[in-house]
Amino acid sequence: MELRKDPITRSWVICGDEPEPAGSADSFCPFCPESGLPLQVVATAPTVNGGPWSARAVVHPHPLYGIDGEPGRSGNGLYDTMRPVGAHEVIVENARHDRHLWNADDREIEEYLALCGQRIQDLKGDLRFKYISVFKNYGSMSGQEFDHPTSEIVATTFVPRRVLYELRAAREHYRVKERCVFCDILHQEQEQKLRMVEVRGEYMAGCPYAPRVPYETWIAPRNHEAYFERTALKSGAMRDFAALLRRTLFRIRTIADGFHMVLHTSPNTVHRSETLGFWKTIEDDYHWHLEILPILGTKAKSYTFKEVYYSPVSSETAAAILRERPTE
Ligand SMILES: [Zn+2]
Ligand SMILES: [Zn+2]
Ligand SMILES: [Zn+2]
């Protein structure tokens with residue numbers, strides 16, 4: 001595997017010929033506590049209900065990124081390449097095989113979120129890493145890898161494309177208006193209430209004005225905060241977020257079997273880097289949030305899907321439907 005930079009869009013892709021999977025089609029789960037498999041445990045969140053633990057981070061059994069060495073960025077004519085140096089971990093969301101983020105205890109979900117925050121903060125201590133991604137693929141159409149409730153965390157030596165677009169746009173909005181674009185959106189959405197799904201404490205769930213897929217839903221803190229980990233590591237600050245995440249995923253699961261979920265937070269600003277050095281207003285211009293993209297298999301149109309997003313359900317209708325859906 002290697003990282004290649006698209007010379008036109010300047011986004012990095014990971015590319016290589018992957019060996020065929022070994023094809024062990026057994027139903028044995030490596031993440032259940034009783035599996036006894038020697039996993040490389042990175043961190044464990046304490047139990048809240050008498051189980052062995054509530055959440056844990058382990059090294060991905062087949063990591064796409066390797067932790068050792070330097071990226072060794074080099075050129076080949078007009079092309080750029082680098083080694084896939086990074087960290088690739090699995091976050092086991094719950095010790096139990098059947099407890100998902102939509103049917104677990106809020107305290108278990110809180111522990112999972114705190115663990116994500118802790119892993120982001122720890123990985124940002126490594127000055128090679130520019131960005132830490134947390135994401136989850138659920139359902140057979142999503143690219144889900146494991147049956148056990150899991151998310152993934154990937155630390156990379158570059159900022160992923162979508163986040164980079166958001167960071168650039170947020171910086172530009174701030175330069176012109178001296179305000180955070182996300183705060184501006186949240187204020188307007190809370191006033192208009194057209195696309196709001198639920199407000200819970202300091203957090204709001206709602207459908208974005210220009211969705212990429214039907215029922216796309218974001219959850220964000222209502223007050224400005226650029227860094228997810230700063231909120232996640234504050235005692236009690238994630239209680240309402242945990243409940244809102246559980247309720248929102250439950251609603252979405254009544255409409256779609258699968259979904260992608262991705263956390264967007266500030267890149268690594270612990271170390272001044274050349275790439276990020278000119279982002280002086282990140283603290284004020286960026287705003288962490290979680291994006292949930294439901295997968296409605298039949299609606300994907302191959303051209304419109306990636307070139308111009310097409311949603312056959314408007315955000316206003318989606319929010320109205322989601323508001324009426326059961327939450328547990
Ligand atoms: Zn399991
Ligand atoms: Zn903001
Ligand atoms: Zn985002």
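Hydrogens, waters and symmetry mates are skipped; everything else that's a heavy atom, side chains included, is used. Starting from 1, each residue takes its place in the sequence as its number. Counting starts at 1 for both ligands and their atoms, following the listed order.
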Exercise. Can you tell me the N, O or S atom of H287 that's nearest the Zn ion (ligand 2)?
Worked result: ND1
Exercise. Should the pair F146 and H60 be assigned to parallel (<30°), tilted (30 to 60°) or perpendicular (>60°) ring geometry?
Worked result: tilted
Exercise. Hey, which of K177, H287, H173 is the one that makes side-chain hydrogen bond (donor to acceptor under 3.5 Å, both in side chains) with D184?
Worked result: H173
Problem set entry | Angle in degrees, rounded to 10°, that ND1 of H224 and SG of C183 form at the Zn ion (ligand 2) | 110°
Exercise. How many degrees, to 10°, between E166 OE2 and E291 OE2 as seen from the Zn ion (ligand 3)?
Worked result: 100°
Exercise. Would a hydrophobic clustering, with Ile, Leu, Val, Met, Phe, Trp and Tyr connected at side-chain separations under 4.5 Å, put V92 with I132?
Worked result: no
Exercise. What N/O/S atom of H148 is the closest to the Zn ion (ligand 1)?
Worked result: ND1
Seminar exercise, completed: dist S151:OG -> I91:CD1 (nearest 0.5 Å) comes out at 7.0 Å
Problem set entry | Angle subtended at the Zn ion (ligand 1) by C29 SG and H97 ND1, rounded to 10 degrees | 110°
Problem set entry | Atom name of the N, O or S atom in H264 that lies nearest to the Zn ion (ligand 3) | ND1
Problem set entry | Among R251, R325, K193, the one residue meeting salt bridge (charged side-chain N to carboxylate O under 4.0 Å, His left out) with E198 | R251
